[in-house]
Number of protein chains: 2
Amino acid sequence: MIAFKGRTYTCPIDVTFSFINGKWKVLILSHLYRYKKRSYSEIRDNLPRISEKMLSQQLKEMEADELIVKKTISSKPYRVEYALAKNGKAFSPIMEFASKWGIRYLKANGIDYLKDQELYK
Amino acid sequence: MIAFKGRTYTCPIDVTFSFINGKWKVLILSHLYRYKKRSYSEIRDNLPRISEKMLSQQLKEMEADELIVKKTISSKPYRVEYALAKNGKAFSPIMEFASKWGIRYLKANGIDYLKDQELYK
DNA sequence: GGACGGACCTACTTTTTGGTAAGCCCTGTT
DNA sequence: AACAGGGCTTACCAAAAAGTAGGTCCGTCC
């Protein structure tokens with residue numbers, strides 16, 4: 001048992017995953033990993049089915065956890081840019097691995113993602 | 001969007017994480033990764049706070065997903081043994097990574113897990 | 001024969017998470 | 001002036017996940 005910031009964790013793995021639990025965090029992370037800098041609406045449009053409530057909520061939590069950084073690139077018309085922060089970048093190996101794993105798994109189950117991806121989206 | 005077995009996924013990463021979502025699955029996986037073969041009560045006793053409901057529920061789902069295998073090692077007194085199955089073993093790199101990441105993160109925040117772990121449990 | 005431990009299962013409640021729909025402020029466009 | 005974005009927020013509700021508190025069925029041990 002590890003006590004840390006008001007929560008208790010079973011082990012370090014528990015600590016690590018506490019950062020990315022939730023349906024959308026890994027997806028946002030992987031999106032930013034791929035595109036480096038993205039606006040709010042770009043992220044939203046790339047994650048079909050996410051609601052704005054969820055998106056802004058997760059972005060906030062991830063910012064607080066230093067997984068991502070938000071930069072105001074213009075204030076006259078208010079425009080922002082999200083990118084990976086240090087903690088977020090540190091998760092890249094997991095993103096890479098999970099992506100490959102998923103592609104392999106899908107292939108083993110009759111779906112060729114790399115070949116078919118133009119069909120989706 | 002990927003349609004697969006009645007669910008839809010945003011991308012392969014989404015597919016991968018669908019196997020290990022839930023508070024306990026990674027922890028069970030990492031436990032089996034460390035100990036190879038464990039009985040029901042050994043797993044339970046190593047995951048403080050897990051309820052038996054949660055444990056047996058997750059074990060069942062993980063068995064169905066071929067993350068783990070259950071073997072009946074004795075039926076006179078009914079005894080079982082859980083171990084990683086092929087899909088589960090394939091997650092080992094994530095376990096390793098997440099463990100190291102967590103330890104590093106804790107250290108950066110003033111907790112030396114490796115040094116202090118005898119204090120817990 | 002009674003207590004104990006292993007390996008579960010079940011009904012019920014609570015908590016957490018996620019979804020819906022609407023609205024706000026600002027600016028650029030027509 | 002009206003509308004279309006962009007970047008959000010909020011109140012309210014539904015669904016899903018997890019916790020609680022039991023119980024069952026063996027079989028071994030004292």
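All values below were derived from every heavy atom in this structure, side-chain atoms included, with hydrogens, water molecules and symmetry-related copies excluded. In what follows, chains carry the letters A, B, and so on, assigned in the order in which the sequence lines appear, proteins first and then strands, with residues in each chain numbered from 1.
Of the possible polar contacts, none joining the Q58(A) side chain to the L55(A) backbone as a donor-acceptor pair under 3.5 Å is found. Side-chain atoms of S75(B) do not come within 3.5 Å of backbone N or O of Y78(B) as any donor-acceptor pair. S99(A) contributes no side-chain N or O that, together with a main-chain N or O of M95(A), makes up a donor-acceptor pair within less than 3.5 Å.
For the pair K25(A)/E61(A), a side-chain contact is recorded, criterion being any heavy-atom separation below 4.5 Å from C-beta on. Put simply, the side chain of T16(B) does not reach to within 4.5 Å of the side chain of Y105(A), judged on heavy atoms. Counting heavy atoms from C-beta outward, F19(A) and F91(A) have side chains that approach closer than 4.5 Å.
E81(B) pairs by the side-chain hydrogen bond (donor to acceptor under 3.5 Å, both in side chains) definition with nothing, not counting sequence neighbours.
Side-chain nitrogen and oxygen atoms of K60(B) include at least one within less than 4.0 Å of the OP1 or OP2 phosphate oxygen of dC9(C). S39(A) has no side-chain polar atom (N or O) that falls below the 4.0 Å cut-off from OP1 or OP2 of dG6(D). Distances shorter than 4.0 Å separate some side-chain N or O of Y82(A) from OP1 or OP2 on dC8(D).
The distance from atom CD1 of I50(B) to atom C1' of dA18(D) is 11 Å, rounded to the nearest whole Å. At whole-Å resolution of the value, NZ in K70(A) and P in dG6(D) are 16 Å apart. Whole-Å rounding puts the Q57(B) CD to dC8(C) C1' distance at 13 Å. Computed from coordinates, the N46(A) CG to dG6(D) C1' distance equals 16 Å when rounded to whole Å. Going from atom CG of N21(B) over to atom P of dA15(D) covers 21 Å, rounded to whole Å. In this structure, CG of L55(B) is placed 16 Å from C1' of dA17(D), rounded to the nearest angstrom. One can place OH of Y40(B) at 17 Å from P of dC26(D), the figure rounded to the nearest angstrom. Between the C1' atom of dG5(C) and the CZ atom of R79(B) lies a distance of 7 Å, rounded to the nearest Å.
Nucleic acid contact for Q58(A): sugar-phosphate only, since backbone atoms but no base atoms lie under 4.0 Å from a heavy atom of the residue. Contact annotation for S56(A): base contact, defined as any heavy-atom pair under 4.0 Å involving a base atom.
The listed nucleotides are dG19(C), dG6(C), dG7(D); the one nearest the side chain of W24(A) is dG19(C). Considering only side-chain atoms of K23(A), the nucleotide from dC8(D), dA7(C), dG19(C) that sits closest is dG19(C).
The shortest heavy-atom contact between D112(A) and K107(A) is OD2-CE, 3.7 Å. The shortest non-hydrogen separation linking N46(B) to P48(B) is O-CD, 3.2 Å.
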Each nucleotide N or O in nucleotides 20-25 of chain C that has a protein N or O under 3.5 Å away: list the pair and distance.
none

Distances under 3.5 Å between nitrogen or oxygen atoms of protein and nucleotides 27-30 of chain D:
from    : atom 1 : to     : atom 2 : distance (Å)
dG27(D) : O5'    : K76(B) : O      : 3.4

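Y9(B) carries R7(B) over the face of its six-membered ring, with the cationic atom under 6.0 Å from the centre and within 45° of the normal.
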